[in-house]
J.: 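Have a look at this one before I ask anything.
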Amino acid sequence: TKIDFLERQSMDANRRRETLATERAGLDVATLAEAMETLALEHETKRAGLDALAELLDSKKAALLEIQEQQRQQQAELADVRKATQAAKGRMASLEALQHAALGQEKSGALEWIKTQGLADLPRLGEVLEVEPGWETAVETVLGHLLEAVVHNDAGSLREALAQLGQGRAAVVDVATGDVDAPAGSLAAKVRGPRAVLALLAPIHAVDALDSNEAAAARARLRHGEALIDRAGVWEGPGWLRFNKSGEAQSGALAREREINELKQHITQLGQREQALVEGQHAHRDALLVAEQHREDAQRTLYLAHRSVSEMGGQLQSQKGRLETAQARLAALDVELSQLSQAMESGQGEVREARGRLEVATERMGDLEAQRQTLENERRQFTEQRETARLSAREARDAAHQLALALEAQRTRVNALNQSLSRLRGQQGQLAARRDELAAQLQDGDAPIHTLDGERQLMLEQRLVAEKDLAAARGNL
């Protein structure tokens with residue numbers, strides 16, 4: 001009944017309210033809010049530390065770039081040094097080839113004699129002389145082929161061997177050096193080398209130019225055996241002049257030797273610089289590895305910090321979502337509890353109203369009981385009449401079904417008779433054809449005529465019987 005329904009509904013609402021009240025008591029929104037604030041503070045602290053880590057990474061990258069730039073500069077300088085070394089070595093090889101030719105160390109007539117005496121590895125005079133820059137031509141003019149002389153520890157010991165020289169030109173100079181009484185303005189003062197050579201150059205006064213006042217004063221002081229020479233190699237003595245522009249190999253040998261020595265020093269310096277650069281490259285390579293490791297460490301630390309901040313941000317969003325869900329659920333519970341209270345009050349009112357209507361209805365039930373008995377009798381009569389009508393209708397349906405079966409049987413019979421008639425008509429056509437054939441045969445004799453007439457008569461009778469049957473069937477239809 002409605003009262004039972006309303007009471008069950010009220011009980012369900014009461015149980016639902018108790019369940020919601022229990023759920024509401026279990027929602028600790030304050031604890032969730034406090035946890036979210038703690039997470040937010042920690043997240044903000046870690047996010048603030050990302051800037052310091054990013055600056056540290058930038059500094060490591062800058063240090064790495066600086067080392068790489070220094071390494072590139074050193075590589076470029078190393079390439080330049082090596083290029084300069086190759087150029088200097090090439091230049092020195094060319095100069096040494098010219099110098100060997102100039103000093104008779106290649107293809108000279110006395111070369112075999114020098115090798116035989118074991119002097120081939122000894123230096124030549126042109127290689128050991130040190131001449132003040134600008135006076136090379138003057139010294140070469142005075143010494144001439146003597147520049148090819150072998151510098152030996154004891155030149156006097158080779159007198160007999162030198163006499164055995166069959167062809168060519170050979171000279172030997174003592175290697176001994178020492179103080180030589182050479183005037184300050186003499187050519188010997190411009191040269192450092194073996195003492196015997198300095199003694200040859202001591203009587204020659206060196207002047208910048210023969211047409212200068214200095215040359216005139218020196219010329220006036222010349223003694224026997226002395227001479228003048230200028231930077232250009234013009235050699236002047238009492239009553240004679242000498243100037244050599246032959247272009248022989250010895251020309252420029254001293255300047256070439258000085259350039260060779262300078263190139264050797266330069267190559268040595270370049271080699272030292274190359275070694276220093278190579279060592280610097282190794283040091284930079286090690287520093288580069290360390291800087292790259294520092295950069296990787298800083299980058300990894302920043303990545304882990306970003307990841308931690310991101311994870312904590314996710315936790316913060318999750319905690320925020322839980323808090324918002326709890327707050328929304330709390331609000332929904334309050335609304336639902338309020339609605340349940342209203343619904344329960346409304347249901348109780350409806351129960352009271354329903355009970356009142358039930359009492360009124362109970363009082364009316366006694367009055368309506370007699371009317372119910374009368375209506376029940378009428379209902380029973382109507383039920384019997386309905387059953388009788390249903391039986392009559394069922395019999396009528398059965399009769400109609402039998403008639404339909406008979407009609408279908410008659411239709412089947414008519415169809416069979418129509419088929420028989422069609423066959424008879426076909427036979428009649430055949431008989432007509434046979435008759436015509438027999439008429440054609442009459443010319444040959446009258447014997448078959450009587451036979452054919454009998455057959456025709458029989459067929460006509462059969463046709464009459466069939467037509468009667470057909471007429472009867474049609475009448476039945």
Side-chain angles (χ1 to χ4, degrees), residues 1-12 347 350-351 353-477:
T1 63
K2 184 176 181 180
I3 293 176
D4 295 336
F5 172 75
L6 291 174
E7 288 179 347
R8 286 194 302 271
Q9 193 176 37
S10 177
M11 293 175 63
D12 293 340
E350 289 181 0
V351 169
E353 292 178 0
R355 289 187 181 280
R357 289 195 299 270
L358 178 61
E359 292 176 357
V360 174
T362 303
E363 293 176 357
R364 290 187 60 190
M365 283 179 63
D367 299 336
L368 295 176
E369 181 63 26
Q371 185 178 358
R372 187 184 68 78
Q373 293 292 333
T374 302
L375 292 175
E376 182 66 25
N377 294 330
E378 291 179 357
R379 184 182 67 80
R380 189 179 301 110
Q381 292 175 359
F382 289 148
T383 301
E384 292 176 355
Q385 292 175 2
R386 184 189 64 187
E387 293 297 328
T388 302
R390 283 180 178 176
L391 181 59
S392 299
R394 187 180 299 110
E395 292 176 352
R397 283 196 301 272
D398 292 341
H401 181 65
Q402 294 297 327
L403 290 174
L405 292 176
L407 178 60
E408 186 63 28
Q410 292 298 325
R411 286 178 179 174
T412 303
R413 186 177 178 187
V414 169
N415 290 332
L417 291 174
N418 285 330
Q419 293 175 359
S420 299
L421 182 60
S422 296
R423 286 195 301 271
L424 290 174
R425 286 175 179 173
Q427 292 175 359
Q428 182 181 5
Q430 293 176 357
L431 291 174
R434 178 63 177 166
R435 184 190 62 188
D436 294 337
E437 183 181 353
L438 293 175
Q441 293 177 356
L442 286 176
Q443 296 178 1
D444 297 331
D446 295 331
I449 294 175
H450 299 289
T451 302
L452 293 174
D453 286 337
E455 292 178 359
R456 184 175 66 83
Q457 188 63 33
L458 180 60
M459 292 299 176
L460 290 174
E461 292 176 356
Q462 292 177 355
R463 178 182 177 184
L464 290 174
V465 172
E467 287 179 353
K468 289 179 179 181
D469 293 337
L470 180 60
R474 287 178 177 173
N476 292 330
L477 293 173

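Quick note: residue numbers are just sequence positions, from 1.
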J.: Could you walk me through whether M459 and L431 pass the side-chain contact (heavy atoms from CB on, under 4.5 Å) test, one step at a time?
T.: CA-CA 9 Å; M459 292 299 176; L431 291 174; 2.6 Å; yes
J.: Can you measure from CZ (F382) to CG (L375) and round to the nearest 0.5 angstrom?
T.: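 One gets 10.0 Å once the value is rounded to the nearest 0.5 Å.
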J.: One thing to verify: whether R380 and E384 come together as a salt bridge, which I'm taking to mean a side-chain N less than 4.0 angstrom from a carboxylate O.
T.: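 So E384 does not pair with R380 through a salt bridge.
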J.: At what distance, to the nearest 0.5 angstrom, does CG of L424 lie from CD of Q428?
T.: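 If I round to the nearest 0.5 Å, the distance is 9.0 Å.
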J.: Using 0.5 Å steps for rounding, measure from the CZ atom of R394 to the CG atom of D398.
T.: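 Separation between the atoms: 8.0 Å.
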J.: Walk me through it: do R434 and Q430 pass the test side-chain contact (heavy atoms from CB on, under 4.5 Å)?
T.: CA-CA 6 Å; R434 178 63 177 166; Q430 293 176 357; over 6 Å; no
J.: What is the distance from atom CG of L421 to atom CD of E467, rounded to the nearest 0.5 Å?
T.: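 If I round to the nearest 0.5 Å, the distance is 7.0 Å.
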J.: Quick check for you: to the nearest 0.5 Å, what is the distance between Q381 atom CD and R379 atom CZ?
T.: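 The CD atom of Q381 sits 11.5 Å away from the CZ atom of R379.
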J.: State, yes or no, whether a side-chain contact exists between N418 and L470 at a heavy-atom distance under 4.5 Å.
T.: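 N418 reaches L470 side chain to side chain.
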J.: Please tell me whether R423 and S420 have a donor and an acceptor in their side chains that are separated by less than 3.5 angstrom.
T.: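 Indeed, the side chains of R423 and S420 share at least one donor-acceptor pair under 3.5 Å.
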